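Note that the structure is predicted; figures quoted are calculated from it, not measured. Reminder, nothing fancy here: chain letters follow the sequence lines and each chain counts from 1.
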Protein chains: 2
Amino acid sequence: MEKTKIASLIERIGNLLRSEERASGADSGLQSVHVQILSYLYQCNRYSNTPAGVTEFIGSTKGTTSQSINILEKKGFIKKYIDDEDGRVIRLYLTEKGEDFIKKEFPPTDFCSALDTFSTKDSDYLSQLLTKLLVQLQLENKSKLFGVCHTCNHFKKFGLGDTHQCGLTLEPLSEKESFLICREHEQSTKKAV
Amino acid sequence: MEKTKIASLIERIGNLLRSEERASGADSGLQSVHVQILSYLYQCNRYSNTPAGVTEFIGSTKGTTSQSINILEKKGFIKKYIDDEDGRVIRLYLTEKGEDFIKKEFPPTDFCSALDTFSTKDSDYLSQLLTKLLVQLQLENKSKLFGVCHTCNHFKKFGLGDTHQCGLTLEPLSEKESFLICREHEQSTKKAV
DNA sequence: TTTATTAAGTATCGAGTCGAAACCATTATG
DNA sequence: CATAATGGTTTCGACTCGATACTTAATAAA
């Protein structure tokens, strides 16, 4: 029965989060999905800021995401650029307006206040447990494994200076960058195929 | 930044949950909201099985809930009865079909498998942390405080036999019943007004 | 070089959710 | 008895969502 309880709790907290997002976005004419997309773009790294990345993360379909992205662009929260190396790929960037919005409105204030009552230890533990749950869920679900570079199999930590490296793309990663969300994330707990 | 991460995790896990629910309900023509409602009715106690209870729990509006409930009734998953004591109140009960469905489909299989990799200790801790988060959120949010009778201020535990009592309604509660979700839940952590 | 295939993204459509507001019936308050 | 207040329903428009078909670019095969 603990599973039922946990599932219900996550759904209910998620519902509360969404209704807060809806309220905070209402002034700007944004829906909760839009807030989610902005928050994703704010957190993801340069390999993952594409419509496909958003689609996988939100768990919706390409078509739906495309519409939401158009709305966000029309309202001036994001900008689209065609990728230099692949003409099919579109890169999404937050505008100043978008970044200001997400910094101010996410996470919602009530949610922050609620988490403020947690000790650092509890808050860290909650974050860890949820991360583990998500990783396992994504494994079951055959879906892409979102995660931060820092814990990725491809991640190579250099001892020298501030620069690490992604073993998949061989590109350098700054310390800050290695804590952003990446689409290509793979973790050692991955099941053998 | 831990807050941002936790909020995103809960949203993403919630999204995955919903898409699993959508898939599992598709055969019966149910949306994820309908699955949520059935799971709520399966877990709530006899004070809370009303459209208003569902509305508060799902965090949507009366009108929306009313529609969803009609669909569930039309498809034979629930039954409506007018309350004996208050002619305005409608009581919602799962039919056998509804109960079978929720027992079989909730929580979704992938979610269960993911939680199976957790130790009992971690799983319990996660449940506790989420419960605390929800209680705090509900306090901030001025919304109703859902919770199980067992941890409620109104709850009176009798030493004798199997019967407890709700101090608010003065009605007896069985042991089993005292672990169901109640709308009128109040907890000692409630802020002084 | 063509051709086929795959991948990234867009466009469109219908079903359904959602929130808001107006409304009805019953109970509570005065 | 009149006036709220409460629990539900209905209706409406905006929007999400998933499915399908489509466009374009990159890649693989011939």
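- As rounded to whole Å, 9 Å separates atom P of dT17(C) from atom CD1 of I37(B).
- Taking the side chain as every heavy atom from C-beta outward, T120(A) and D124(A) approach each other to under 4.5 Å.
- Axis orientation changes by 20° from one end of the helix from dT1(C)-dA30(D) to dG30(C)-dC1(D) to the other, with each end axis drawn from 5 pairs and the value rounded to 10°.
- Other residues, nucleotides and ligands contribute at most 12 non-hydrogen atoms within 6.0 Å of the NZ atom of K79(B).
- Regarding contacts with the backbone of dT16(D), a side-chain N or O of H34(A) is found under 4.0 angstrom from either OP1 or OP2.
- If you check dG9(C), dT10(C), dT27(C) against the side chain of D86(B), the one that comes closest is dT27(C).
- In the set dG16(C), dT10(C), dG19(C), the nucleotide with an atom closest to the side chain of I90(A) is dT10(C).
- From L133(A), atom CG reaches atom CD of Q128(A) across 13.5 Å, with rounding to the nearest 0.5 Å.
- Among the nucleotides dG19(C), dG9(C), dA25(D), the one closest to any side-chain atom of A52(A) is dG9(C).
- With contacts defined as side-chain heavy-atom distances shorter than 4.5 Å, the pair C112(A)/P107(A) qualifies.
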List the steps, then state whether side-chain contact (heavy atoms from CB on, under 4.5 Å) holds for F101(A) with V35(A). CA-CA 9 Å; F101(A) 177 86; V35(A) 180; 4.2 Å; yes
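- The side chain of T50(B) has dG8(D) as its nearest neighbour among dG8(D), dG18(D), dT16(D).
- For DNA chain D, the neighbouring residues in residues 61-72 of chain A, judged by any heavy atom under 4.0 Å, are T61(A), T64(A), Q67(A), I71(A).
- F111(A) has its side chain within reach of L17(A): a pair of non-hydrogen atoms, C-beta onward, lies under 4.5 Å apart.
- The CG-C1' distance, from D83(B) to dA25(C), rounds to 15 Å in whole Å.
- Judged by the 6.0 Å distance and 45° axis criteria, K132(A) is positioned over the aromatic ring of F118(B).
- The distance from atom CG of D27(B) to atom P of dG18(D) is 16 Å, rounded to the nearest whole Å.
- Remark: P of dG7(D) and CD of E85(B) are 15 Å apart, rounded to the nearest angstrom.
- Rounded to whole Å, atom P of dC18(C) lies 15 Å from atom CD of E21(A).
- If you run side chain to side chain contact (heavy atoms under 4.5 Å, CB included) between R91(B) and each of I82(B), D83(B), D84(B), only D83(B) comes through.
- S8(A) and Q43(B) share a side-chain donor-acceptor pair at under 3.5 Å.
- One can place CD1 of I82(A) at 11 Å from C1' of dA25(D), the figure rounded to the nearest angstrom.
- In this structure, CD of E73(A) is placed 9 Å from P of dT10(C), rounded to the nearest angstrom.
- Here the P atom of nucleotide dG16(C) and the CD1 atom of I58(B) are 18 Å apart, to the nearest Å.
- Not one side-chain nitrogen or oxygen of R22(B) sits closer than 4.0 Å to the OP1 or OP2 atom of dC17(D).
- Taking the nucleotide of DNA chain D with the nearest heavy atom to each of G29(A) and R88(A), the more 5' of the two is matched to G29(A).
- To the nearest 0.5 Å, atoms NZ (K103(A)) and CG (L94(A)) are separated by 10.0 Å.
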